[in-house]
Asker: 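Take this structure, written in structure tokens, and hold onto it; I'll ask about it next.
Read the numbers this way: they start at 1 and go in the same order the structure lists the ligands and their atoms.
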Amino acid sequence: MGKLELKNITFTYDKNIIYKDLSLSIDNHEFLCVVGPSGAGKTTLLRLLAGFEHQCAGEILYDNKKIINSDTAFVFQNYALFKSMKAKDNIAFGLKNQHMKKEKINLLVDKVSETLSINHLLNRYPAELSGGEQQRVGLARALVRNPKIFLFDEPLSNLDVSLKQNMRKEIKKIYKNSDATFIYVTHDQAEASYLATKILVISKSGIEQYDSPKNIYENPKNTFVASFFGEEKINFLKGKIIKQNNTYYIDYQNNKIKLDYTKYNNLNKYVNKTIIFGVRPEEITFSEEGLKYKIIEDEYLGHKNILKAKINKDTLTILKTNKDSITNQIYFNNIKIFDYKTKENIYYIENK
Ligand code: ADP
Ligand code: MG
């Protein structure tokens, strides 16, 4: 099975440049989740892969050959079923177009319906199906074609929470039992973390980071990626790097926060300079020594509380689990440092 390669893709809608010289290589059987703000070009990327749109420059290769329509199958956000066709005919549509024999089509439709537990829905029209059922039929229609690449465009975004979780599990199971490549657009970062083997974060300016879910979370390349990932939004604070007796600190509102990073050996360059530092809400702990703060909001969520705390003029979000007991001071367990101007994680600048 093959590698999927986008080589120097440029694509515009009229004069609106959506992609400029985009290159991306996706290994076989990767589960790639694509995330990014609305309008970033996520759907466009899938449409290019499906052959619904054509790039102005560059090429898309699968297994070293030009990608063709039958390599891919699309699962749409709004299900996109034919209203005048029963579920079974919707599922069979792609196969009929390939002029496959009727008996074989029936066999395949039955098999896929078994997998997705939709046998009892086959004779219904889309209007007689719930949203979740329609999406199952949409999934069956893609699955039955046995494509090399699945393209999902926010397939679960119209479903309610519990249905969403079930479908997520099922999609993961389908992935595990398949050797296809999955490309899955979602705006739900928890969904991306659950499903992905790789995550692609894009914005209007292009690729922000293409990495493993672990690296996206632990080593975000810039403030954009850092704020996109995480259950509660990361806190960004302003400080200054200082050096005393060969130790680096962040001077934050006249508090000295010691930096014991061995991975940052270019901090010297930042001494006496203003930086942005990021601390995730789940990486703030209560301590006997540290920063004094005042709680101004406490949102109880059962298994955790989301606190808003003030340190002078700054407001921070803190995640408190039931095991934590509140003390008068807080400590930052993990700090990410970003260049004040470029917003890049200085870990990346260093390793360029
Ligand atoms: P996303 O899926 O990330 O929200 P899209 O890929 O749908 O973003 O859109 C990317 C950009 O292309 C947006 O600015 C959008 O307005 C524009 N766009 C999308 N489809 C069309 C179209 N058919 N004609 C013109 N512009 C479009
Ligand atoms: Mg979209």
Asker: Do Phe338 and Tyr340 have ring centres separated by under 6.0 Å?
Answerer: no
Asker: If you group Ile, Leu, Val, Met, Phe, Trp and Tyr by side-chain heavy-atom gaps below 4.5 Å, do Phe236 and Ile337 land in one group?
Answerer: no
Asker: Can the ring centres of Phe150 and Tyr184 be said to be less than 6.0 Å apart?
Answerer: no
Asker: Within the supplied structure, the quantity of interest is the number of heavy atoms (other residues, nucleotides, ligands) at a distance under 6.0 Å from Lys164 NZ; does it exceed 12?
Answerer: yes
Asker: With distance as the sole test, does Asn166 use its side chain to make a donor-acceptor pair with the main-chain N or O of Leu163 at under 3.5 Å?
Answerer: no
Asker: With 2.8 Å as the limit, count the protein N, O or S atoms near the Mg ion (ligand 2).
Answerer: 1
Asker: Kindly state each residue pair satisfying salt bridge (charged side-chain N to carboxylate O under 4.0 Å, His left out) with at least one member in residues 87-99, sequence neighbours excluded.
Answerer: Asp89-Lys96
Asker: Which pairs pass salt bridge (charged side-chain N to carboxylate O under 4.0 Å, His left out) with one or both residues in residues 281-297, sequence neighbours excluded?
Answerer: none
Asker: For ligand 1, give me the residues whose heavy-atom distance to it is below 4.0 Å, by chain and number please.
Answerer: Tyr13, Asn16, Ile18, Pro37, Ser38, Gly39, Ala40, Gly41, Lys42, Thr43, Thr44
Asker: Is it the case that Ser205 and Ser203 place a side-chain donor and acceptor less than 3.5 Å from each other?
Answerer: yes
Asker: Under the 3.5 angstrom rule, does the side chain of Arg145 hit a backbone N or O of Thr72 as a donor-acceptor pair?
Answerer: yes
